[in-house]
Amino acid sequence: MIGFALRLTLAGGREAAVRLVIIAVAVALGVGLLLTTLAGINAVNTQNARYAWLNSGVAAVADARPPAAADPLWWRLTGDYFDRLTIGRVDVAATGPAAPVPPGIPRLPGPGEFYASPALGSLLRTVPGAQLGDRFPGHQVGTIGAAALPAPDSLIIIIGHTPDELARWSGAHRVTRVQTTAPSGCDGCEVGIRAAGLDLILSVVALSLLFPVLMFVGTAARLAATRREQRFAAMRLVGATPRQVSLISTVESTISALAGTIIGFGLFFVFRGPLAAIPVTGAPFFPADLSLNPADVLLVAIGVPAAAAAAAWAALRRVRISPLGVSRRVTPRAPRAYRLVPLVAGIAELAYWVGRRPGTTAGQIQAFLPGFFVIMVGLVIAGPWLTMAGSRVIAGRTRRAAGLVAARRLADNPRVAFRAISGLVLALFVTSVAVGTIGTISANEGTPAGGPGTDLLTANFRPDLSPPAAAPPALKSLPGVHGAVVVRVPPDGMKPPGVDTDRGPRPYALASCADIAAAPDFGRCAAGAQTAWVYSDLIGPRTPVGTSRVWPAASISPERLRRLPAMSIVVGTDGSRPAVERARTVVEAAFPQRYPPATQAEWNSDSARTLNQWKQLANVVIVASLVIAGCSLTVTVAGGLADRKRPFSVLRLTGVPLGVLRRVVALETAAPLLAAAVVAIGAGFLAAHLFLTAQMRYGLRPPGLAFYVLVLTGLAAALGIIASTLPLLGRVTGPQAARNE
């Protein structure tokens with residue numbers, strides 16, 4: 001029987017060949033997306049692991065018991081900036097020949113030497129030294145290899161020093177081994193993709209993509225199910241047993257799914273390079289990071305054909321019951337309102353965790369992920385009932401033949417009607433959740449791109465360091481630099497005015513009014529003041545654009561002010577890249593022990609990096625979901641026309657115009673789509689609100705115009721897909737299709 005089944009599948013005529021190709025292509029697209037999702041999760045974890053060595057100076061690692069033969073290594077990790085790009089700077093000094101060596105370099109750099117990543121090395125060769133290179137002492141002796149780079153465009157430098165020099169720098173630690181624990185498993189790690197939320201985000205992304213993909217594969221496997229039922233019923237009438245029919249249908253679906261799976265693997269490896277360039281986490285991947293482990297390969301290679309065979313087996317259950325089961329069709333029982341129970345249960349599950357959020361990431365995954373999963377399943381289960389409700393609305397409001405026929409067909413079998421648009425309904429739910437969540441987080445945690453003081457360059461100092469006597473004199477001669485202010489720590493017991501009565505934020509540092517007067521961006525002092533209370537960055541809490549801050553007077557003389565410890569240096573610039581980078585280089589060369597000088601725009605960029613990662617993941621989910629839904633809709637609508645070509649042909653023979661039939665098909669798909677879309681979007685916003693309230697204590701912010709444009713574009717594309725299949729009616733509903741078989 002297997003040989004006979006193979007012959008029917010591979011040499012069964014044009015119809016069998018077309019069905020085989022369509023199912024294979026559909027499964028290939030689903031498998032490609034499925035593999036990309038699994039490889040993306042692996043790539044994020046691999047990228048995160050490459051941050052491990054940068055955290056070697058974390059106290060928990062630095063204080064670990066050293067190996068017996070290891071010489072300690074002085075280690076200091078700081079950040080730096082260039083044109084709003086973050087540079088990872090690692091200063092090291094070996095105390096002996098057995099000091100540990102970071103990955104990616106053959107040996108530790110000596111004093112006056114450094115290793116640079118390929119991207120940073122390219123910048124050092126092309127950017128004037130006054131803007132970048134002069135801030136790094138010594139000369140480049142090599143390139144950092146890929147083993148130490150989280151991304152191909154990572155900017156990292158490892159600079160060598162003497163132990164005596166680096167030991168005096170605040171923030172330096174003695175380490176005896178290079179960290180190998182990824183940030184997701186390291187308490188207190190300084191850099192990397194944070195564990196808090198990473199696993200939760202990846203789990204939601206995986207679920208958001210895997211569920212529609214599996215539905216798409218199942219939809220493709222059911223293609224032309226009605227026509228196949230009729231042919232297999234004829235085999236039963238001539239003596240085929242139920243087991244033989246099941247074997248034939250399983251072989252047919254498995255062959256198509258196997259071909260599609262092989263093609264899907266090929267598509268994944270062909271497009272792996274371009275996919276790796278997409279900055280899903282805010283940085284691109286190495287192509288090799290988009291890898292599949294043996295479990296992933298086995299899951300897809302075995303699971304997809306098995307799922308296709310199971311879908312085919314379920315689609316032909318009526319033939320196995322009776323050889324006349326296909327011809328003796330009866331109207332299925334109407335869906336009941338209890339189909340709404342899973343949808344309500346999923347929403348209730350998310351609502352339960354409001355005020356009860358688990359404290360660990362694993363607990364949060366177990367708390368929120370089932371709720372989203374149950375809601376997605378609930379939408380699929382409730383879909384037929386919503387379709388039936390929509391058919392009743394159509395029947396009650398239309399008087400045209402096309403509307404009446406469409407309403408009758410929807411009421412007769414709403415399950416089949418909803419199956420065509422189920423993928424798009426899930427895509428709209430996922431889109432609503434993603435846009436609602438990311439938009440709300442951005443509104444609450446995002447920082448403005450502009451505002452007062454965004455061109456100010458600020459370098460903060462550690463309180464235990466000796467204060468600088470004054471700002472570096474070289475700053476005064478730099479083009480585009482307006483002035484510099486040294487902000488100092490107030491004496492013990494000295495408080496800003498109103499601190500005991502005003503609970504709002506108050507200036508807490510001191511600065512010279514003569515320095516503040518050098519540039520408008522510094523604000524201005526109160527009339528007659530010589531020193532003033534200021535914030536360490538001369539900006540403080542956000543103020544409206546165009547507002548000039550007036551700093552309150554401080555009762556301390558300029559002579560005493562100059563003897564106080566420095567808290568920070570604020571440099572006023574015109575905002576141009578050359579001016580900012582030259583000023584940064586001068587400050588770093590003068591005070592190598594400071595925190596990295598940065599502008600407000602760069603600090604905003606840093607704080608927005610996590611939000612950007614969420615937005616990138618949301619964009620991937622939205623685009624992929626809409627693509628999957630479009631493919632699923634195309635396959636289902638085209639397959640539905642093939643299944644119903646005989647009844648449509650009979651209608652044409654009785655005088656029904658072709659235009660009426662086209663309107664029937666359009667209404668059968670568009671009506672449940674619009675009804676279910678409203679429910680899916682509403683459920684998505686409600687789920688996002690409950691998740692935000694439980695996880696972050698944020699209320700849902702209404703999305704902007706872009707979301708509604710996206711939804712309308714998706715619905716218009718879906719209607720366009722439906723319209724593109726309507727010309728098939730003229731070719732498949734000829735008189736020859738009305739014959740008895």
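Residues take their numbers from the sequence shown, with the count starting at 1. Since the model is a prediction, treat every value here as computed from it, not as a measurement.
Between A28 and L267, the closest heavy-atom pair is O-CD1, 4.2 Å. Of all heavy-atom pairs spanning L700 and A688, the tightest one is CD1-CB, 4.3 Å. Considering all non-hydrogen atoms of both residues, A598 and Y81 come closest at CB-CE1, 3.4 Å. In terms of heavy-atom proximity, P703 sits nearest to Y708 at O-CE1, 3.7 Å. P152 and P284 get closest at one heavy-atom pair: CD-O, 3.5 Å. The minimum heavy-atom distance linking A276 with P287 is given by the pair CB-CA, 3.8 Å.
Side-chain N or O atoms of D289 include none that pairs as donor or acceptor with a backbone N or O of T46 at under 3.5 Å. At least one donor-acceptor pair closer than 3.5 Å links the side chain of T440 to the backbone N or O of R701. At distances below 3.5 Å, not a single donor-acceptor pair connects side-chain atoms of E349 with backbone N or O atoms of I375. In this structure, the side chain of D83 does not engage the main chain of L85 through any donor-acceptor pair within 3.5 Å.
At least one side-chain heavy atom of L292 sits under 4.5 Å from a side-chain heavy atom of F268. L35 places none of its side-chain heavy atoms less than 4.5 Å from the side chain of F269. Taking the side chain as every heavy atom from C-beta outward, M376 and V430 approach each other to under 4.5 Å. F707 places a side-chain heavy atom less than 4.5 Å from the side chain of I681. Side-chain atoms of L379 and L343, non-hydrogen and from C-beta on, do get closer than 4.5 Å to each other. Residues T437 and F691 form a side-chain contact, since some pair of their non-hydrogen atoms from C-beta on lies under 4.5 Å apart. Side-chain contact check for Y698 versus T693: every heavy-atom pair is 4.5 Å or farther apart. Looking at P358 and W353, their side chains come closer than 4.5 Å, going by heavy atoms from C-beta outward.
To the nearest 0.5 Å, atoms CG (L719) and CG (L673) are separated by 6.5 Å. Interatomic distance, OG1 of T36 versus CG of L290, reported as 7.5 Å (0.5 Å rounding). One distance of note links OG of S291 with CZ of F286; it measures 13.5 Å at 0.5 Å rounding.
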Name the atoms and distances for all side-chain donor-acceptor pairs under 3.5 Å in residues 381-391, with sequence neighbours left out.
| from | atom 1 | to | atom 2 | distance (Å) |
| --- | --- | --- | --- | --- |
| T387 | OG1 | G383 | O | 2.9 |
| S391 | OG | M388 | O | 2.5 |

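Other residues, nucleotides and ligands contribute over 12 non-hydrogen atoms within 6.0 Å of the CZ atom of R577.
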Decide side-chain contact (heavy atoms from CB on, under 4.5 Å) for F418 and V425; before the verdict, give the C-alpha distance in whole Å, the side-chain angles of both, and the deciding distance to 0.1 Å.
CA-CA 9 Å; F418 176 77; V425 169; 4.1 Å; yes
Stepwise, does the side-chain contact (heavy atoms from CB on, under 4.5 Å) test hold for I347 with L690?
CA-CA 8 Å; I347 295 174; L690 295 173; 3.8 Å; yes
Does the pair L299 and L34 meet the rule for a side-chain contact (heavy atoms from CB on, under 4.5 Å), with working shown?
CA-CA 10 Å; L299 174 66; L34 184 60; over 6 Å; no
Residue pair F265, V300: steps toward the side-chain contact (heavy atoms from CB on, under 4.5 Å) verdict:
CA-CA 9 Å; F265 272 93; V300 177; 4.0 Å; yes
